[in-house]
Amino acid sequence: MENPHETFMQMAIDQALAAGQEDEVPVGAVIVDADQQVLASDHNRTIGNCDPSAHAEINVLRSAALRIQNYRLLSTTLYVTVEPCAMCMGAIVHARVKTLVFGAFDPKWGAAGSLYQLGQDSRTNHRVEIIHGVCEERSRCIIQDFFKMRRKRN
């Protein structure tokens, strides 16, 4: 297998592209277990679901938890194309995700290093290992191109 981080991030990128096709903000996520088996993959669905919490990360956390019948997602790795927001990082910490891997930083909303460091906050009882910059350029281009197109339409 090639670099597993790149393999799973490409799956997340595919989900981000699917979101863009649905006119959702193109963020995709994949969560895998300790054996590198995919538990869930999804993308943003906030517009289609009329649900402000339907971010890609929340969607895969919910699906994975249902699949394994446990809200604690111990020993999992979550891949997401863009740095998670505070809501998503809070859920990632609560779910006890072991590792977060993301592509592009989000300087306006990011809570895994840009604005906040929720996964590393010593005041919580769980720390998330954070790896950033995997497929960064591709992830950044997808989201930037989406918003450029949206501004042109408006």
Distance-only criterion, 3.5 Å: show the donor-acceptor pairs between side-chain atoms of residues 47-54 and protein atoms not counting sequence neighbours.
| unit_1 | atom_1 | unit_2 | atom_2 | d |
| --- | --- | --- | --- | --- |
| Asp51 | OD1 | Ser53 | N | 2.8 |
| Asp51 | OD1 | Ser53 | OG | 2.7 |
| Asp51 | OD2 | Ser53 | OG | 3.4 |
| Ser53 | OG | Arg62 | NH2 | 3.4 |

Could you go through residues 127-136 and list every donor-acceptor pair under 3.5 Å that involves a side-chain atom there, pairing it with any protein atom two or more places apart or in another chain?
| unit_1 | atom_1 | unit_2 | atom_2 | d |
| --- | --- | --- | --- | --- |
| Arg127 | NH1 | Thr124 | O | 2.5 |
| Arg127 | NH2 | Ser122 | O | 3.1 |
| Arg127 | NH2 | Thr124 | O | 3.2 |
| Glu129 | OE1 | Thr99 | OG1 | 3.1 |
| Glu136 | OE2 | Arg140 | NH1 | 3.3 |

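Looking at residues two or more places apart in sequence or on another chain, you find a side-chain contact (heavy atoms from CB on, under 4.5 Å) between Asn125 and Arg96. In this structure Leu66 satisfies the side-chain contact (heavy atoms from CB on, under 4.5 Å) test together with Gln69, sequence neighbours excluded. Listed by chain and number, the residues in a side-chain contact (heavy atoms from CB on, under 4.5 Å) with Gln117 are Gln120 (sequence neighbours excluded). With sequence neighbours left out, the side-chain hydrogen bond (donor to acceptor under 3.5 Å, both in side chains) criterion links Ser114 to Glu83. The side-chain contact (heavy atoms from CB on, under 4.5 Å) check on Arg123 picks up Asp121, with sequence neighbours excluded. Partners of Asn59 according to the side-chain hydrogen bond (donor to acceptor under 3.5 Å, both in side chains) rule, which considers only residues two or more places apart in sequence or in another chain, do not exist here. With sequence neighbours left out, the side-chain hydrogen bond (donor to acceptor under 3.5 Å, both in side chains) criterion links Gln15 to His43. Applying the side-chain hydrogen bond (donor to acceptor under 3.5 Å, both in side chains) test to His55 and every residue at least two apart in sequence or in another chain returns nothing.
In the hydrophobic clustering, Ile58 connects to Met87, either directly or through intervening members, whenever side-chain heavy atoms lie under 4.5 Å apart.
Val93 and Gly119 get closest at one heavy-atom pair: CG2-CA, 4.0 Å. Residue Leu118 comes nearest to Gly90 through the heavy atom pair CD1-N, 4.5 Å, listed as atom of the first residue, atom of the second, then distance. Of all heavy-atom pairs between Ala40 and Ala64, the closest is CB-N, 4.0 Å. Nearest heavy atoms, Gly20 versus Pro26: N-CB, 4.1 Å. Among all heavy-atom pairs drawn from Ala104 and Ser139, the shortest one is N-CB, 4.0 Å. Scanning all heavy atoms of the two residues, the minimum distance from Tyr79 to Ala12 falls at O-CB, 4.2 Å.
Connection of Ile13 to Val32 is established within a shared hydrophobic cluster, with ILVMFWY side chains joined at heavy-atom distances below 4.5 Å, either directly or through further cluster members. Linking ILVMFWY residues whenever their side-chain heavy atoms come closer than 4.5 Å, directly or via other members, places Val80 and Leu73 in the same cluster. One hydrophobic cluster holds both Met89 and Phe105 under the rule that ILVMFWY side chains link at heavy-atom gaps under 4.5 Å. Transitive grouping of hydrophobic side chains (ILVMFWY, heavy atoms separated by less than 4.5 Å) brings Leu100 and Ile31 into a common cluster. Under the 4.5 Å side-chain contact rule for hydrophobic residues, Ile92 and Leu115 share a cluster.
Evaluated for a side chain to side chain contact (heavy atoms under 4.5 Å, CB included) with Val60, the options Leu39, Val38, Leu78 yield exactly one hit, Leu78.
The CZ atom of Phe146 lies 10.5 Å from the CZ atom of Arg151; values are rounded to the nearest 0.5 Å. A distance of 9.5 Å separates CD of Glu6 from CD of Gln10, quoted to the nearest 0.5 Å. Of the inter-residue distances, the one linking Leu61 atom CG with His94 atom NE2 reads 11.5 Å to the nearest 0.5 angstrom. With values rounded to the nearest 0.5 angstrom, Asn44 atom CG is found 8.0 Å from Thr81 atom OG1.
Among pairs with a residue in residues 21-50, those fulfilling salt bridge (charged side-chain N to carboxylate O under 4.0 Å, His left out) read Glu22-Arg45, Asp23-Arg153, Asp42-Arg45, at least two apart in sequence or across chains.
Inter-residue side-chain proximity for Met11 and Ser41 is flagged as unmet; no heavy-atom pair is nearer than 4.5 Å.
Listed for the Asp106 side chain is no donor-acceptor partner under 3.5 Å among the backbone atoms of Val82.
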